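Take a look at the structure below.
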Amino acid sequence: MRNKKLTRGFYTKPTLKVAKELLGKCIVRKIGRKKLVGKIIETEAYIGPQDRASHSFGGKITPRNRAEYLIGGHIYIYLVYGMYWQLNISTGKEGRPECLLIRALDLGKLANGPGKVCRYLKLDKSFYGEDLTKSKRIWLDYNPPTASSRSRSERAPDKGEKIKSAQIISTKRIGIDYAGPYWSKRKWRFLLKTAKI
DNA sequence: GTACAGATTGAG
DNA sequence: TCAATCTGTACT
């Protein structure tokens, strides 16, 4: 297995497709010489401007949500309830306010909720608008980093663990009942069957 | 300027 | 079940 960073093309596909494909991918956060790594096991899609649960409902653009409109692969991060950061990844084309909330990593109780994901990865406003395809401090990878990856760099690209659709559960999104029954019942939350949230 | 509610969490 | 905690957003 070799390391393979996710590039622009991964993020610019339709949002619901990316939401499912993100499951099983690894977030790599580099702090100094150390790397924090976690496998994504739960995502949630927000698809403005029609989605009433989205911050960009109705095509609204504010200083807070403008990162949602960036081309796929950028970080949209914001504070909720005055204390928890929420990590989102923009998806789709430039100008389309679509994004995915990263709700959990495969790290047990350390990251079994969106606020805890950011607490574990030490993410805050300074990551606002960060490009995951260019950043030196945070990116996504098909595989967990391995010590041998450099010496095997001659091998063919490895797209990592294949997640079958039968392994994915989709449910209603969490905490957005204010959006009304039509939008709150969309099954736009995706998690691995094996996930223990 | 002021009021208010939220894409959550953890304690009681 | 509920308070913590604070910023963006709407409204005066």
Side-chain angles (χ1 to χ4, degrees), chain A residues 11 13-25 27 29 36 38-93 95-130 132 138 140 168-192 195-197:
Chain A
Y11 301 104
K13 289 171 285 187
T15 299
L16 293 177
K17 185 177 173 68
V18 181
K20 286 177 270 194
E21 291 186 357
L22 269 183
L23 298 174
K25 301 299 184 289
I27 294 188
R29 166 82 169 99
L36 295 173
K39 189 167 85 171
I40 297 170
I41 58 172
E42 184 183 359
T43 63
E44 216 167 68
Y46 289 86
I47 307 180
Q50 71 271 33
D51 179 2
R52 196 167 264 285
S54 167
H55 292 156
S56 54
F57 174 65
K60 188 171 67 169
I61 302 179
T62 67
R64 179 213 207 189
N65 77 356
R66 63 186 167 77
E68 281 194 281
Y69 290 80
L70 297 173
I71 192 171
H74 288 82
I75 288 180
Y76 166 41
I77 191 166
Y78 67 92
L79 197 63
V80 271
Y81 303 111
M83 59 192 110
Y84 298 111
W85 293 99
Q86 307 281 286
L87 173 64
N88 294 254
I89 299 174
S90 69
T91 53
K93 299 175 183 172
R96 297 278 189 87
E98 306 183 9
C99 67
L100 298 168
L101 172 65
I102 306 302
R103 290 193 57 90
L105 305 178
D106 187 22
L107 295 166
K109 291 179 180 175
L110 270 180
N112 58 346
K116 295 164 113 183
V117 167
C118 288
R119 190 173 64 188
Y120 174 77
L121 294 175
K122 302 193 191 304
L123 301 179
D124 56 29
K125 187 91 183 181
S126 76
F127 285 83
Y128 193 88
E130 190 102 344
L132 289 167
I138 186 168
L140 267 61
I168 299 174
I169 299 171
S170 50
T171 78
K172 294 172 54 172
R173 291 174 290 176
I174 307 294
I176 52 133
D177 286 345
Y178 62 82
Y182 180 82
W183 293 105
S184 66
K185 78 180 184 188
R186 301 288 97 191
K187 291 186 174 179
W188 286 355
R189 170 177 177 242
F190 304 94
L191 60 158
L192 291 178
K196 297 175 183 65
I197 304 298

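Quick caveat: nothing in here was measured; it's all calculated off a predicted structure. Quick note on labels: first sequence line is chain A, next is B, and so on, each numbered from 1.
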Non-neighbouring partners of [X] that pass side-chain hydrogen bond (donor to acceptor under 3.5 Å, both in side chains), sequence neighbours left out:
X     : answer
A:T62 : A:N65
A:K13 : A:E21
A:T15 : A:T91, A:E98
A:K25 : none

Are any side-chain N or O atoms of A:R29 and backbone N or O atoms of A:L121, one a donor and one an acceptor, separated by less than 3.5 Å?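 Yes, the answer is positive, given that a donor and an acceptor are paired below the 3.5 Å cut-off.
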Which is true for [X] with a 4.0 Å heavy-atom rule: it touches a base, it touches only sugar-phosphate, or it touches nothing?
X      : answer
A:R119 : sugar-phosphate
A:R64  : sugar-phosphate
A:N88  : base

First and last nt of DNA chain B near chain A, cut-off under 4.0 Å to heavy atoms, 5' to 3', are B:dG6 to B:dG10
With rounding to the nearest 0.5 angstrom, report the CG to CD1 distance, A:L140 to A:I138.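 Spacing of CG (A:L140) from CD1 (A:I138) equals 7.5 Å.
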Consider side-chain contact (heavy atoms from CB on, under 4.5 Å). Of A:L36, A:L87, A:L22, which one does A:I27 pass it with?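 The side-chain contact (heavy atoms from CB on, under 4.5 Å) with A:I27 is passed solely by A:L87 among A:L36, A:L87, A:L22.
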Any side-chain heavy-atom pair from A:I168 and A:L191 closer than 4.5 angstrom? no
Sorted by chain and number, sequence neighbours left out, salt bridge (Lys or Arg N to Asp or Glu O under 4.0 Å) with A:K172 holds for none
All pairs passing side-chain hydrogen bond (donor to acceptor under 3.5 Å, both in side chains) where residues 74-87 of chain A contributes a residue, at least two apart: A:H55-A:Y76
Would you list the pairs meeting side-chain hydrogen bond (donor to acceptor under 3.5 Å, both in side chains) in which at least one residue belongs to residues 177-190 of chain A, sequence neighbours left out? A:E42-A:R189, A:T171-A:R189
What integer number of Å spans the P atoms of B:dT2 and C:dT5?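 Nearest-Å result for B:dT2 against C:dT5 at atom P: 22 Å.
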May I ask you to list the residues of residues 96-112 of chain A, by number, that have any heavy atom positioned under 4.0 Å from an atom of DNA chain B?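 When residues 96-112 of chain A is checked for heavy atoms under 4.0 Å from DNA chain B, the hits, listed by number, are A:C99, A:L101, A:R103.
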Strand-adjacent residues in residues 38-63 of chain A, judged by heavy atoms under 4.0 Å from DNA chain B: A:Y46, A:A53, A:H55
What is the distance, rounded to the nearest whole Å, between atom [atom1] of [X] and atom [atom2] of [N]?
X      : N     : atom1 : atom2 : value
A:Y128 : C:dT7 : OH    : C1'   : 13 Å
A:Y78  : C:dT9 : OH    : P     : 12 Å
A:D124 : C:dC6 : CG    : P     : 15 Å

Can you give the dot-bracket line for DNA chain B, using ( ) for pairs inside the strand, [ ] for pairs that cross earlier ones, | for pairs with another strand and . for unpaired bases, where Watson-Crick and G-U count if both distances are under 3.5 Å? ||||||.||||.
Contacts of A:Y84 and A:K125 projected onto DNA chain C by closest heavy atom; the upstream (5') one is A:Y84
Evaluate the criterion side chain to side chain donor-acceptor pair (under 3.5 Å) for residue pair A:E44 and A:Y46; output intermediate values, then yes/no. CA-CA 7 Å; A:E44 216 167 68; A:Y46 289 86; 2.6 Å; yes
Strictly by salt bridge (charged side-chain N to carboxylate O under 4.0 Å, His left out), give each pair with a member in residues 50-74 of chain A just once, sequence neighbours left out.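 Listed once each, the pairs are A:D51-A:R173.
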